[in-house]
Structures are given as C-alpha cells and as structure tokens.
There are 2 protein chains.
Amino acid sequence: MATLTDVARRAKVTAATVSNVLRNPDKVRPETAERVKRAIRELGYRPNLNARALAEGRSPTLALMLSSIANPFYPEFVLAAERAARRAGYFLMVCNTDDDAEIGRAYLTQIAGTLAEGVLVLNTDIAINELCESAAVGAPIVLSLWEHPEQLPALPCVAVDFAHAGALAARHLLELGHRDIGMLVGDGCGGLQDARATGFREVMREAGLEPDDAAVLQIPDTIDAGFAACVELMEREPHLSALFATNDLLAIGALQALATLGRKVPDDVSVIGITDIQLAHQVRPSLTTVAINTEAIAQASIELLIRLIHEPRGDTQPPAVIAPLPTLVRRQST
Amino acid sequence: MATLTDVARRAKVTAATVSNVLRNPDKVRPETAERVKRAIRELGYRPNLNARALAEGRSPTLALMLSSIANPFYPEFVLAAERAARRAGYFLMVCNTDDDAEIGRAYLTQIAGTLAEGVLVLNTDIAINELCESAAVGAPIVLSLWEHPEQLPALPCVAVDFAHAGALAARHLLELGHRDIGMLVGDGCGGLQDARATGFREVMREAGLEPDDAAVLQIPDTIDAGFAACVELMEREPHLSALFATNDLLAIGALQALATLGRKVPDDVSVIGITDIQLAHQVRPSLTTVAINTEAIAQASIELLIRLIHEPRGDTQPPAVIAPLPTLVRRQST
DNA sequence: ATGAAAGCGCTAACAG
DNA sequence: CTGTTAGCGCTTTCAT
C-alpha cells in the first residue's frame, strides 16, 4: 500500500504538505494541492488509520459490548448506535461476549483505550467495579439501558425508567378491566428485569390487587422460553385473563403459545410486552407493548460516550442521562 | 495510559525486554519476566494495539460489510463470523451500509488495508469491479453468500447453491401433491433472489408444470412486504394451495397474512421458505424451510478471508469455496 | 539474556 | 505556503 511519503515523493513535496492537503486544505496553495491530489489518485493512496491514531493519540473507533447480537433486540440498538457513531466520525466495533465474562474481559483489556476510544456496555457479566477499574486506566465506559434511574451506578450511564414502563403496562391492563394477570419476568440485561416487574406490581397494589406468586414465572429472555412458560402458566392458572411480559420476546413467545393452545388473543387472553422491537408489529395479532424508544437511547448513549471522550471528568459524579419516558403502544394483543 | 517504556522503566529493563515477555516469553529469564509482569500489573499496562499494528504492518481486525443488521438474518451470520474471527485472534468490525453505496465506499476506502486486514462483503450496492479495484490496492475482499456457484465472480467468494435450495423446496411441495403454487421472490442480497426462483421453476417444469406469472410477486426482503404480498396474492389467486418464498422473512410474513385471512396453514395453504433463520422455528405454525447453514457459511467465509490475508494470491483464479448443500427442514407449515 | 537503535506511517509544532 | 524535525508506542534486528 502506498504511503504518505510515496505520495509526497511523487508530487514533489514533503509528507507534511500531503498531510495538510488531507486535513487542513486551506493551508496549502491550490496548485500544489491539485498536484498532490493527483498523486493520491494515481497511487490509490489510503491513509493508514493506525498510524494516524498513533500519532494523534486517539482512535476513530468506539466499542459496543453486548451479550449476543442474536437477541433480536440488539440489532436495532446496534444500527442506531452505528449511525450515531458514524455521524460523529467514529467506527463502531461490535463485541459479542457470548454471555462469557472472560470474553468480555478480554475485549475490555484489549481494545479499551487502544483500538477503541470508548466503550458502550449494554449488558455484561462483568461486575460494575471491574468496569470502573478499567475505565480508570483505559477508555471511558458508558453503561446503557440502566434499569434503575433512582439508583445510579458508579459509572456514567443512560438510564431508562423501566419501572415506569411496567407501570404503564399495568395501568393499561387495569383499564381494560383485567384483574387476573400472569407475569413473565425475563432475566435479560444481566439480571432479572425486576424494575419492570416492580413498577407493574406497585400499580396493581395501588389498585388493591395483591400479586399471586403462582402466576409469576422467571425465565430466560427468549421467544422459546416465553412460549414454554406461557404453556405452563396457562395450564396451571387457566383463569388468567391477561399476561404481562417484561419484554417483547417473552410476549411474542406467549402469543405463539396461546395460538397453539387455541386461546384467542385478545378475546380470551390479552398480552402486553415491553420494548417495542420491530417484530412486535410484525406478528399477528400485533403486540401491544411499552416502547422504550431504542433509537433515542442508542443515540444518547453514543453521544454521552463521545462527550466523555472529549471532556474526561475528574472526580466528579459520573454523569447520568435519563432517557425519555417509555410510552404505551396499543396494538391488537390487548 | 501506561506505555511499554513506563513498564520498562519501572522494571529496570528496556522496552525490548518488556515486549519479549509479552510475545516471546522464552527469550527472557524467568526472574526478569516476573519483575516485568509485576510492573505491568502495578501500572495496569495495556499494549497499544494501534502502535503494534503499525510496527507489525498488520492489524488485528476484520471488517464485515452488510446492508443493515436490522434484517434478522444478519445477526446470526455476524455472531458466527465473530466467533470464527475471535478464534483466529481477530476482532470483527461490523459495517452497516444502510443500503447506501456511498457509505459502503467510505467504509471500504477508510478501513480496508489500514484498520481492517480484510473485508467480508455480504451484500452491497457497490459494483464488483469497484470491489476488485479496492482489493487490488488494499486489503483482500471476500464475497460471501454468492448465489451463483456456476458463475463465479472475479473476487474470492463463498458460494451457496441457492438454486438447489429452490429445487428442494419445489420437490417438497410437489411430493405433498401441490400443483397450484404461488411465489414470493425477494430482492435481498443486492438483486432479485432469482437463482432460488430459477431452481424452483426448473423442478416444476420437469414435473410438467408451467409457472403462472400471475402467481409470482417480486418484493422487498421483509416480513411486512411478505405479509402484504401474500394478502394481495391470495385475493387475486385464491386457488393457490401452497406458497414458496425465496426467504424466510417473506414466508413468515405470509404465515401471518394467512392467519389474518383465516386460511389454515398447512391445511388450506402450505408455506415454505429458504434460509432457516431462528425465527423460522419460533413462529406458529413453525416454518418448513430449506436451511443454508448460516453458521458454516460464516465460518468458511472468515477462514477464507484469513487464508487470503496470509497467502496473498498472484494473478491466479480467485478462490471459491462452495458451501455445503442446503437441506430441507420439515416443520408445521407444510 | 538484555540493550541499543532504527523504523512502521502519520501528525504537529516550528522555521523559513 | 512549504519544509524540517521530533515523536506517538511498539517490534525487530543486531550487538553486547
């Protein structure tokens, strides 16, 4: 591959000038610039971004750590994050940890601060304080999709009021007259999604309804698990008139299960989820859900990360961005 | 961030020695190595991969270009590709082009040969010969999911016999006694998926059935488009007893549409797709489809790319890997 | 077994 | 406006 020096030689200038036509075009006479540009074209020159990164002491890439992009929620997040990164002149490196803390750790120590200028963590088996240590020696880390706006972590984060999402779901079902409601609680995002469940329960309690533990199932965060759990639940508690799932994958699994069981949705049973993934409007009946606005969250996360890169904080409180409140999206399943 | 020199100073050795304990441990006396390792730990030292890449003249990352990771097929491919890359010591950078050739071009010229040692292209609006030019000046490029094993491109590729996939689908429907079959042909992978359609048609013709153009719809590669097309098709040609879709997204859209229309699957209408994405077994009724074995293709693609990086070819024929033949997966929709 | 020195390709002062 | 110089952090001969 041709180098800056090759181009310089060919255009009969020095490397600094070539660098300037690329980065400070106004610092160089038009005719010279033209000559240089021709040389660049003729040689098919491409700047070596590694060398540039080294010289500038910064890198043009951000990293995004998540458990597995095979979970249908993440691609939407990734796409939005990549767009935001691209707009800001960054590349995005997606790091699947495969739910393996070792892999996550390896990514972190290898790329944070060298290949990547900053890391966005969605979901991890790595302890927060381990992340803090990494952030202290390496690149800034932002935690996204943090589930507890009222209890912020020791790291910069973008928090989503999932309790509010749960509350919205509860209110919606109550308004429709449901009293007998089953719950499917997922374990995504590195732990049980209990802010969502708590938000839901609180509203129910305010309405004078005590949750029935027999109608609550805690399961992995997949369509298949939602399916199986729904089958089990409807068998054990056939009286349920509605199902609240802490996320859309579970809800979609439940929808499929109900279809298989011959229970009509929403006539016999209503179903509501949280997130509003694309699939939610693509299934039939389409899924009523509480949208968290993934795109906005992804964008805010990238922006926070970039801000942190440019203005590293001292010993100040880690900044927290609270995402816009989730909103109800009524569809056919309720 | 601590540098090699910092570590060297602290361990009272020189940078070369530190480098050696990291990369050629046998070249350094155990006691010295121990001292160095301690210094590394104490300083929280992390090698700067940019500097290393520059010095070594190679980079530890591979790029994967695709139109949009929001298409549910890609995440599965990406996950498998990343695993394969990781096993080989590479990072994977996912580049969404958003179906915009400009963005694809920008990625290519920016990262190919500098940030990324090689590029895997899944799907692009960039012309093949433009890719060739890039490969000539920069990093090797591998085309994956090539649809025409009988007509190889001027670039290294991993080809999948999609015509065979179409043929398998046709044979399956014929065996079940279907004669009146509608077709949903997608436009994914940068062009119509016509190898699949052709393979299908040939088998039909051998069976003495001439395709009815009125029963063929060409549409974008999404669930929503599949849904709409199926509604339109069943209205216009209600006699159809089966539907062949060139990919699972379309087929799943069709499944939803048929449910909405009150047509029973598979009793009234059978549906078959191609690919076998995860969702195919998660919907109800689950989707009969022709599996292409995404994981094997992704893995083979990464392996080919890495081989090309290590042994650049001269003017020889670009190597082509033919993926294992697609196989029928019988489920509930037929 | 360790050190010294050169260089990867680029940027960033600073001179002229 | 353009050239000179130094150096980013690391690897890699070549000496010692």
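Below, chains carry the letters A, B, ... as their sequence lines are ordered, and counting in each starts from 1.
Atom CG of B:Leu4 is separated from atom P of C:dA6 by 19 Å (rounded to the nearest Å). Whole-Å rounding puts the A:Arg35 CZ to D:dG3 C1' distance at 13 Å. Atom CZ in A:Arg9 sits roughly 14 Å away from atom P in D:dG3 (whole-Å rounding). C:dG9 atom P lies 14 Å from atom CG of A:Leu49, rounded to whole Å. Across the protein-nucleic acid pair, A:Arg23 atom CZ and C:dA12 atom C1' stand 11 Å apart, rounded to whole Å. Atom CZ of B:Arg52 and atom P of D:dC8 are 18 Å apart (whole Å). Rounded to a whole Å, the CD1 atom of B:Ile40 is 13 Å from the C1' atom of D:dC10. Separating the CG atom of A:Asn48 from the P atom of C:dG7 is a distance of 18 Å, rounded to the nearest angstrom.
For the pair B:Lys27 and B:Ala55, both in contact range of DNA chain C, the more 5′-proximal nearest nucleotide belongs to B:Lys27. Residues A:Pro30 and A:Ala15 both approach DNA chain D. Their nearest nucleotides, taken by heavy-atom distance, put A:Pro30 toward the 5′ side. Along DNA chain C, the nucleotide nearest to B:Lys12 and the one nearest to A:Leu54 differ in position, and the one closer to the 5' end is contacted by B:Lys12.
The side chain of A:Arg29 places no N or O atom within less than 4.0 Å of a non-bridging phosphate oxygen (OP1 or OP2) of D:dC1. An OP1 or OP2 oxygen of D:dC10 is reached within less than 4.0 angstrom by no side-chain nitrogen or oxygen of B:Ser19. Between A:Thr5 and the phosphate of C:dC10, there is no side-chain N or O to OP1/OP2 separation shorter than 4.0 Å. Side-chain nitrogen and oxygen atoms of A:Thr32 include none within less than 4.0 Å of the OP1 or OP2 phosphate oxygen of D:dC1. Here B:Thr114 does not reach the OP1 or OP2 of C:dG9: none of its side-chain N or O atoms lies under 4.0 Å away.
At a threshold of 4.0 angstrom between heavy atoms, the contacts of A:Thr14 include nucleobase atoms, whether or not backbone atoms are also involved.
Side-chain contact check for B:Arg41 versus B:Lys37: some heavy-atom pair is nearer than 4.5 Å. Here the side chains of A:Phe91 and B:Gln110 are in contact, with some heavy-atom distance below 4.5 Å.
When distances are taken from the side chain of A:Tyr45 to each of D:dG9, D:dT11, C:dC10, the shortest belongs to C:dC10. Of all nucleotides listed (D:dG9, D:dC8, D:dT12), D:dT12 comes nearest to the side chain of B:Ala16. The side chain of B:Val13 sits closest to C:dG3 out of C:dC10, C:dG3, D:dG9. Across D:dC10, C:dT11, D:dT2, the shortest atom-to-atom separation from the side chain of A:Thr17 is found for D:dT2.
A donor-acceptor pair under 3.5 Å is formed between the side chain of A:Arg46 and the backbone N or O of B:Ala112.
One finds no salt bridge joining A:Glu31 and A:Lys12 here, because no Lys/Arg side-chain nitrogen approaches an Asp/Glu carboxylate oxygen to under 4.0 Å. Between B:Arg86 and B:Glu82 there is a salt bridge, with a side-chain nitrogen of the basic residue lying less than 4.0 Å from a carboxylate oxygen of the acidic one.
There is no side-chain donor-acceptor pair under 3.5 Å between B:Ser59 and B:Arg52.
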